[in-house]
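Here is the structure we will look at, set down as structure tokens.
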Amino acid sequence: MSKRDYYEVLGVSRTVTEVELKIAFRKSAMQCHPDRHPGDKQAEARFKELNEAYQCLCDQQKRAAYDRFGHAAFEQGGGFGAGEGFGASMADIFEDLFGDVMGRRSRSGGRERGSDLRYNMEITLDEAYHGKAASLKIPTSATCEACSGTGAKKGSKPKTCTTCNGMGRVRAQQGFFAIERTCPTCQGRGETIENPCPACAGAGRKTIERSLSVNVPPGVEDGTRIRLAGEGEAGLRGGPSGDLYIFLSVKPHPFFQRDGADLYCRVPISMVRAALGGEITVHALDGSEVTLKIPEGAQSGRQLKAKGKGMPVLRGRDQGDLHVQISVETPQKLTKRQKELLAEFEEESSHDTHPEETGFFARMKDLFGG
């Protein structure tokens with residue numbers, strides 16, 4: 001089966017320019033791209049036919065040979081067939097069809113997406129509990145009002161780069177090898193500015209200090225990230241703005257330590273209260289007072305729990321718990337009478353009064369003898 005004329009395949013005349021050729025290929029390739037027609041053998045064959053024709057005609061030497069000899073120029077070992085070059089060109093086709101992918105710079109009109117910005121905010125544990133509405137002042141780049149982000153002086157506009165014809169890339173041919181690189185004239189933007197805007201020096205943006213409001217939701221933790229879409233650095237020459245990321249850090253609290261949604265605190269109590277039992281009252285972050293009962297004979301390290309008095313769960317309805325750890329304080333600076341009373345207490349003590357101490361020394365005696 002004879003091959004169709006490459007110009008007919010692409011639907012262009014023999015006098016087509018390089019730019020017109022590329023536009024025609026993009027338009028046709030988008031309609032029959034295999035990703036849009038999965039499993040369609042006709043679409044895949046049509047796409048391969050378009051790719052073969054374009055790979056030939058976009059190369060000046062191959063196009064000249066084709067114009068003179070037709071398909072016969074590549075027969076008898078000429079080195080170019082329907083399958084060759086197909087895989088290598090897929091990446092270029094994908095980039096041309098779908099533009100800026102995975103952070104690659106877009107060449108459309110010289111516009112570039114602005115950079116993302118980071119802002120570190122420190123809040124208290126109380127603010128993390130209740131949430132906070134904060135006002136920030138961010139030094140950032142904003143679209144230049146004088147040129148509306150084009151970078152060109154008022155009354156003028158950017159022009160298509162004559163070196164790359166707006167493609168942002170130039171190709172150097174060495175035999176059958178082509179080396180493509182960023183256009184040195186426009187730096188890959190596809191446009192040049194002959195009369196730069198004096199307010200922004202042609203960048204299309206300038207540095208300002210901007211005031212923003214941000215809502216910190218209740219329950220945030222240390223390291224939580226808040227994203228404000230479009231509030232980052234302005235794009236170059238009218239490109240889209242980046243995002244602003246606010247990273248939160250929570251200051252240490254004088255009484256509470258946090259573990260997820262739970263709060264922990266250590267409360268010292270007297271030896272007498274630990275021995276006889278009683279009650280203690282602690283304050284929670286919600287402003288309430290929590291009364292906890294201490295059992296008789298409570299030891300240091302004993303934990304008491306106040307359910308639902310911890311931190312709120314971020315974007316949830318659950319609430320953590322407050323864990324209070326008892327620390328029994330040994331009395332200091334005793335009076336003579338106090339010492340006498342303690343001595344009397346010690347004399348009347350039995351093995352049942354201090355079971356942990358008695359058991360410890362008993363086990364040590366059994367282990368080491370004596």
Side-chain angles (χ1 to χ4, degrees), residues 115-140 210-232 241-330 356:
S115 299
D116 294 334
L117 298 179
R118 171 175 178 150
Y119 184 88
N120 296 325
M121 180 190 294
E122 190 176 49
I123 61 175
T124 65
L125 187 62
D126 187 71
E127 290 170 336
Y129 181 93
H130 295 284
K132 177 183 180 181
S135 296
L136 311 178
K137 289 188 176 181
I138 309 291
T140 184
R210 189 167 43 168
S211 296
L212 295 174
S213 296
V214 58
N215 290 320
V216 178
V220 294
E221 297 188 43
D222 194 84
T224 296
R225 185 182 71 173
I226 298 175
R227 173 175 171 263
L228 299 181
E231 296 295 350
S241 298
D243 300 330
L244 172 64
Y245 290 92
I246 300 174
F247 287 80
L248 302 177
S249 60
V250 182
K251 297 178 182 178
H253 193 273
F255 297 111
F256 298 117
Q257 290 80 44
R258 182 179 183 180
D259 183 11
D262 290 339
L263 292 176
Y264 294 82
C265 72
R266 174 180 168 274
V267 177
I269 63 173
S270 70
M271 182 180 67
V272 175
R273 182 175 296 185
L276 301 179
E279 293 182 345
I280 56 172
T281 300
V282 295
H283 291 269
L285 282 179
D286 62 2
S288 65
E289 294 184 348
V290 179
T291 301
L292 298 171
K293 185 177 181 180
I294 300 174
E296 292 185 8
Q299 303 296 315
S300 285
R302 176 73 177 267
Q303 283 197 357
L304 310 174
K305 182 170 73 173
K307 190 171 179 61
K309 290 298 181 179
M311 296 291 294
V313 176
L314 182 62
R315 298 184 180 88
R317 296 182 179 181
D318 295 332
Q319 195 91 3
D321 301 325
L322 172 62
H323 301 267
V324 177
Q325 185 182 62
I326 292 173
S327 175
V328 180
E329 182 180 17
T330 303
E356 189 173 345

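FYI, the numbering just counts along the sequence from 1. The figures that follow rest on heavy atoms only: side chains count, while hydrogens, waters and symmetry mates do not.
The side chain to side chain contact (heavy atoms under 4.5 Å, CB included) search around Glu231 returns Arg210, Leu212, Leu228, Leu244, not counting sequence neighbours. The side chain to side chain contact (heavy atoms under 4.5 Å, CB included) test applied to Ala133 returns Asn215, not counting sequence neighbours. Annotation: side chain to side chain contact (heavy atoms under 4.5 Å, CB included) contacts of Lys293 (sequence neighbours excluded): none. For Ser288, the side chain to side chain donor-acceptor pair (under 3.5 Å) criterion is met by Asp286, Lys309, not counting sequence neighbours. Looking at residues two or more places apart in sequence or on another chain, you find a side chain to side chain contact (heavy atoms under 4.5 Å, CB included) between Ala298 and Ile294, Pro295, Ile326. For Phe255, the ring pair (Phe, Tyr, Trp, His ring centres under 6.0 Å) criterion is met by no residue, not counting sequence neighbours. For His253, the ring pair (Phe, Tyr, Trp, His ring centres under 6.0 Å) test picks out Phe256, with sequence neighbours left out.
Between the side chain of Glu289 and the backbone N or O of Ala284, no donor-acceptor pair lies under 3.5 Å. The closest donor-acceptor contact from the side chain of His130 to the backbone of Leu285 lies under 3.5 Å. In this structure, the side chain of Ser241 does not engage the main chain of Gly232 through any donor-acceptor pair within 3.5 Å.
Across Pro217 and Arg315, no two heavy atoms sit closer than the pair CG-NH2, 4.3 Å. For the pair Glu221 and Thr224, the tightest heavy-atom approach, listed with the atom from each and the gap, is O-OG1, 2.8 Å. The two residues Ala128 and Val250 have their closest heavy-atom pair at CB-CG2, 4.4 Å. Closest of all the heavy-atom pairs between Val313 and Ala261 is CG2-CB, 4.1 Å. In this structure, Ala134 and Met121 approach most closely via the heavy-atom pair CB-CE, 4.0 Å. Heavy-atom minimum distance, Pro139 versus Leu117: O-CD1, 4.3 Å.
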Evaluation steps, side chain to side chain contact (heavy atoms under 4.5 Å, CB included), between Ile246 and Asn120 = CA-CA 6 Å; Ile246 300 174; Asn120 296 325; over 6 Å; no
inquiry  = Could you walk me through whether Asp222 and Leu248 satisfy the side chain to side chain contact (heavy atoms under 4.5 Å, CB included) test, starting with their C-alpha distance in whole Å, then the side-chain angles of each, then the deciding distance to 0.1 Å, before giving a yes or no?
reply    = CA-CA 6 Å; Asp222 194 84; Leu248 302 177; over 6 Å; no
key: Ile280 and Thr291: CA distance, side-chain angles, deciding distance, side chain to side chain contact (heavy atoms under 4.5 Å, CB included) verdict   = CA-CA 6 Å; Ile280 56 172; Thr291 301; over 6 Å; no
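Note on residues 248-270: no pairs pass salt bridge (charged side-chain N to carboxylate O under 4.0 Å, His left out), not counting sequence neighbours. Contacts classified as ring pair (Phe, Tyr, Trp, His ring centres under 6.0 Å) and involving residues 293-325 (residues at least two apart or in different chains) are given here: Tyr264-His323. For residues 269-322, the set of pairs meeting the ring pair (Phe, Tyr, Trp, His ring centres under 6.0 Å) definition, not counting sequence neighbours, is empty. Residue pairs meeting the salt bridge (charged side-chain N to carboxylate O under 4.0 Å, His left out) criterion with at least one member in residues 116-139, sequence neighbours excluded, are Arg113-Asp116, Glu127-Lys132.
In this structure, the side chains of Tyr129 and Pro218 stay at 4.5 Å or more apart for every pair of heavy atoms. Residues Val282 and Leu322 are in side-chain contact: their nearest non-hydrogen atoms beyond the backbone lie under 4.5 Å apart. With a 4.5 Å cut-off on side-chain heavy atoms, Glu356 and Gln299 count as touching.
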Side-chain donor-acceptor contacts of residues 267-276 below 3.5 Å, not counting sequence neighbours, with atom names and distances?
| unit_1 | atom_1 | unit_2 | atom_2 | d |
| --- | --- | --- | --- | --- |
| Ser270 | OG | Arg273 | N | 3.1 |
| Arg273 | NH1 | Glu279 | O | 3.4 |

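From Leu125, atom CG reaches atom CG of Leu263 across 6.0 Å, with rounding to the nearest 0.5 Å. Annotation: the span from Ser211 atom OG to Ile138 atom CD1 amounts to 9.0 Å, rounded to 0.5 Å.
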